[in-house]
Amino acid sequence: MLRLLRPLLLLLLLLPPGSPEPPGLAQLSPGAPPQAPDLLYADGLRAYAAGAWAPAVALLREALRSQAALGRARLDCGASCAAEPGAALPAVLLGAPEPDSGPEPTQGSWEQQLLRAALRRADCLTQCAARRLGPGGAARLRVVRALRDAFRRREPYNYLQRAYYQLKKLDLAAAAAHTFFVANPMHLQMREDMAKYRRMSGVQPQSFRDLETPPHWAVYDTSLELLGRQEAGLALPRLEEALQGSLAQMESCRADCEGPEEQQGAEEEEEDGAGSQGGLYEAIAGHWVRVLQCRQRCVEETATRPGRSFPVPDFLPSQLRRLHEAHAQVGNLSQAIENVLSVLLFYPEDEAAKGALNQYQAQLGEPRPGLGPREDIQRFILRSLGEKRQLYYAMEHLGTSFKDPDPWTPEALIPEALREKLREDQEKRPWDHEPPKPKPLTYWKDVLLLEGVTLTQDSRQLNGSERAVLDGLLTPAECGVLLQLSKDAAGAGARSGYRGRRSPHTPHERFEGLTVLKAAQLARSGTVGSQGAKLLLEVSERVRTLTQAYFSPERPLHLSFTHLVCRSAIEGEQEQRMDLSHPVHADNCVLDPDTGECWREPPAYTYRDYSGLLYLNDDFQGGDLFFTEPNALTVTARVRPRCGRLVAFSSGGENPHGVWAVTRGRRCALALWHTWAPEHREQEWLEAKELLQESEGEEEEEEEEEMPSKDRSPEPPSRRHQGVRDKAGKPPRAREEL
């Protein structure tokens, strides 16, 4: 039946020729019951693959609408059924004394009361869902986890932006692209698409709007901006709206936790520790624990910006702190006291909050009855503590798992048997270990690093930490050999994998890159000279040895990736150029210039510990490397490339860096990243070394032969060589190169 309805629905959704496109991605068929999001999404992708752009847009938009309608229905039905008369559980089941209660319930009577209440709630939810969603209710629209994850990653908008572009709907294409990009800021293809949209004459700045971000984030950012301008009076309504929006978003997330239980695999059950044991009460307990775990995760989800994997720390308490300070600034002492008392509910021993409370009470004068913490925060904390208590009980007695999202949880709430284990788990964070500190400049001036190598600038002279500039790592002749290698590889074009293309970071430059393995393969085939490929290997090891000696003498470093990179200015496209050759970034974390934070999480290469840039030439304009403050705006140091100059630095958020635009000529450098983790050692480097050694052996054997073979056809490659070619034939990974 659904298969027959969807084509009819599609005909209703498609706009008549010449009709204007509605703004944004608004609801397409008001009042109509939503269809199954998974089937709509699948049909939308089929239409997209077939190039049927208008049907693809209609189906994808309807899938988004149906998914949103399902979430709203679950939230509204849950709230209305919880408010139904008789919906509350008897007080005796909650452990609270019931006034004027008769004799205590007999053994087994609490089971009847609990299960009867559960049946009444299920009946209410089923009828409500049928009224809101049509016959079959939520069961008809059940969405599997994989699809929920795709919607959470905003994948439909990636398809929508392309389909809108094909339909010449540039305004909507830019909106869909921006919506996807906000949640996927490291998606390089979308980054290029966004840059193209910005250059299109038919796209206005207001076209780049986010159609999915929860509203509390926009209000939150506006309030911070107003506070930064010392406009507390204007910020107060925004702060209150952001707090209420955060609590509302949390309720929406919690409602999603009460959706249908999915069949979990063995690995997921082991991870959650809440798998069903087969009996009635074990199954009930397992499902309930998973619901509670999900509800607690809503705290982090609400506090996590789109495109980030880590939440804003102490999201709710920090909003309350700003509220009480802003109220005090404008003289609203009663509201200031309410909010600072709410902060003390989270942190009873917070000295700053206690000091502010004493100050407000002294200014207010006589105590006012009924002045206490906010009721919404009291309800939030009491409910959260009750859920945590149950989760810690299940963790201790049933072997389930629970990662507490809140730093304010009272230690007394955690069973004593679990406290030590939880404390040990929190201390096992790899990024807490500080790297070895390099020796001062005076030491290195008296030490022979390598013959002809000198330390030009250290961290102090570069106005940062763990930075160094060393000269003399390459002779002019060696720079010439590597430059010739890059030119020969570029001349091979598609055969080398070095074909010049537009830079992923700017449309005004051409980008070329060559790995050590590709260089070895080209040398073996005779496309490039073996001398350059061998020197590339030798120099990369030279840089690794020197970087380890300077930064990490007590802990071995391994090469994790080596890349010969050239950037060329495109003639005729340099006038009034304002962008960078490479935007400011860090090498092992995602830099957030707004907060100064650097999130060490995917898609960043989190295993990188030290970075190095060995320059090959200086006959170009622009292209200087620069370091900045974490805000990505304030330049702290600038380094001019030259042959044989190495800039080495730690890869974390302490060293944000970028590259000024190359406005004329071709800039070439060897980019290298090092890691302490041996499992991330560059395997292609080892393969390239073996390949070049075998080539040397074959050349020696040919020289020893007295008579050349009459059969000039090459021998079949070995299995290992075939594997190398297969590996090299895969699409290259997108990398953040300098």
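No hydrogens, no waters, no symmetry mates; every other heavy atom, side chains included, goes into these values.
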Working note: L364 + L371, criterion side chain to side chain contact (heavy atoms under 4.5 Å, CB included); need CA distance, chi angles, decisive distance, verdict. CA-CA 12 Å; L364 192 61; L371 199 58; 4.1 Å; yes

Given side chain to side chain contact (heavy atoms under 4.5 Å, CB included), test T628 with L633 step by step and report yes or no. CA-CA 6 Å; T628 73; L633 296 174; over 6 Å; no

Checking Y360 against H324 for the ring pair (Phe, Tyr, Trp, His ring centres under 6.0 Å) test, could you report, in this order, the C-alpha distance in whole Å, the side-chain angles of both residues, the deciding distance, and whether it holds? CA-CA 10 Å; Y360 301 155; H324 83 72; 5.7 Å; yes

Using salt bridge (charged side-chain N to carboxylate O under 4.0 Å, His left out), reason through R152 and D149 one step at a time and then give a plain yes or no. CA-CA 5 Å; R152 188 177 296 115; D149 291 341; 2.6 Å; yes

Side chain to side chain contact (heavy atoms under 4.5 Å, CB included) evaluation trace for L316 with L247: CA-CA 9 Å; L316 289 182; L247 294 172; 4.1 Å; yes

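Within the 3.5 Å criterion, the main-chain N or O of M194 finds no donor-acceptor partner in the side chain of Q161. In this structure, N339 contributes its side chain and Q335 its backbone to a donor-acceptor pair below 3.5 Å. At distances below 3.5 Å, not a single donor-acceptor pair connects side-chain atoms of S384 with backbone N or O atoms of F380. For the pair S66 (side chain) and A63 (backbone), a donor-acceptor distance under 3.5 Å is absent. Not a single donor-acceptor pair under 3.5 Å links the side chain of R295 to the backbone N or O of C257. Of the possible donor and acceptor atoms, one in the side chain of N184 sits under 3.5 Å from a partner among the backbone N and O of R153. Remark: side-chain polar atoms of T400 are paired, donor with acceptor, to backbone N or O of M395 under 3.5 angstrom. Judged by distance alone, with hydrogens and angles left aside, the side-chain atoms of N358 form a donor-acceptor pair with the main-chain N or O of K354 at under 3.5 Å. Side-chain atoms of R74 do not come within 3.5 Å of backbone N or O of E258 as any donor-acceptor pair. Of the possible polar contacts, one joining the S318 side chain to the F315 backbone as a donor-acceptor pair under 3.5 Å is found.
Residue D221 holds its CG atom at 11.0 Å from CG of L226, rounded to the nearest 0.5 Å. Here R131 contributes atom CZ and T126 contributes atom OG1; the two are 10.5 Å apart, rounded to the nearest 0.5 Å. Taken to the nearest 0.5 Å, the CG atom of D171 stands 3.5 Å off from the OG atom of S207. Here the CG-CZ distance, from L160 to R154, works out to 13.0 Å after rounding to the nearest 0.5 Å. Going from atom CG of L59 over to atom OH of Y159 covers 14.0 Å, rounded to the nearest 0.5 Å. For the atom pair OG of S342 and CD1 of I337, the computed distance is 11.5 Å after rounding to the nearest 0.5 Å.
Side-chain contact check for H657 versus D587: some heavy-atom pair is nearer than 4.5 Å. With a 4.5 Å cut-off on side-chain heavy atoms, R374 and L345 do not count as touching. Residues Y220 and R305 are in side-chain contact: their nearest non-hydrogen atoms beyond the backbone lie under 4.5 Å apart. Between L236 and L323, the closest side-chain pair of non-hydrogen atoms falls below 4.5 Å. Residues L234 and R229 are not in side-chain contact: their nearest non-hydrogen atoms beyond the backbone lie 4.5 Å or more apart. V289 places none of its side-chain heavy atoms less than 4.5 Å from the side chain of F402. Q319 has its side chain out of reach of S223: every pair of non-hydrogen atoms, C-beta onward, lies at least 4.5 Å apart. Contact annotation: the side chain of S651 never approaches that of Y605 to less than 4.5 Å [non-hydrogen atoms, C-beta and beyond].
Outside the 6.0 Å centre-distance limit, the rings of Y197 and H178 are not counted as a close aromatic pair.
No side-chain donor from either of Q67 and Y41 sits under 3.5 Å from a side-chain acceptor of the other. In summary, the side chains of Y165 and D193 do not present any donor paired with an acceptor at a separation below 3.5 Å, with no hydrogens or angles considered.
Between L239 and A326, the closest heavy-atom pair is CD1-CB, 4.0 Å. Of all non-hydrogen atoms in P407 and D314, the two that sit nearest each other are CG-OD1, 3.5 Å. The heavy-atom pair separating R209 from T179 by the smallest distance is O-OG1, 3.4 Å. Smallest separation of non-hydrogen atoms from N588 and G652: OD1-CA, 3.1 Å. V584 approaches L580 most closely through the heavy-atom pair N-CD1, 4.3 Å. Scanning both residues, H585 and L591, for their nearest heavy atoms gives CA-CD2, 4.3 Å.
Between C128 and C77, the two SG sulfurs come within 2.5 Å of each other, short of that mark.
The local environment of CZ in R238 is sparse, with at most 12 non-hydrogen atoms from other residues, nucleotides or ligands closer than 6.0 Å. When the shell of 6.0 Å around CD of Q206 is examined, it contains more than 12 heavy atoms from other residues, nucleotides or ligands.
A side chain to side chain donor-acceptor pair (under 3.5 Å) with R254 is found for exactly one of E387, Q296, Q249, namely E387. When L341, L382, L320 are each tested for a side-chain contact (heavy atoms from CB on, under 4.5 Å) with I377, only one passes: L320. Each of C253, P405, C294 was checked for a side-chain contact (heavy atoms from CB on, under 4.5 Å) with E301, and the lone residue meeting it is C253.
The existence of a salt bridge linking R321 and D350 is confirmed by a sub-4.0 Å separation between a basic side-chain nitrogen and an acidic carboxylate oxygen. Salt bridge status for E325 with R322: absent, with no side-chain N to carboxylate O gap under 4.0 Å. Ion pair D406/K388 flagged as a salt bridge, since at least one NZ, NE, NH1 or NH2 atom sits closer than 4.0 Å to an Asp/Glu carboxylate oxygen. Using a 4.0 Å cut-off between charged side-chain N and carboxylate O, R379 and E251 make no salt bridge.
Ring geometry for W408 against F346 counts as perpendicular: the plane angle is over 60°, on a 0 to 90° scale with 30° as the lower cut.
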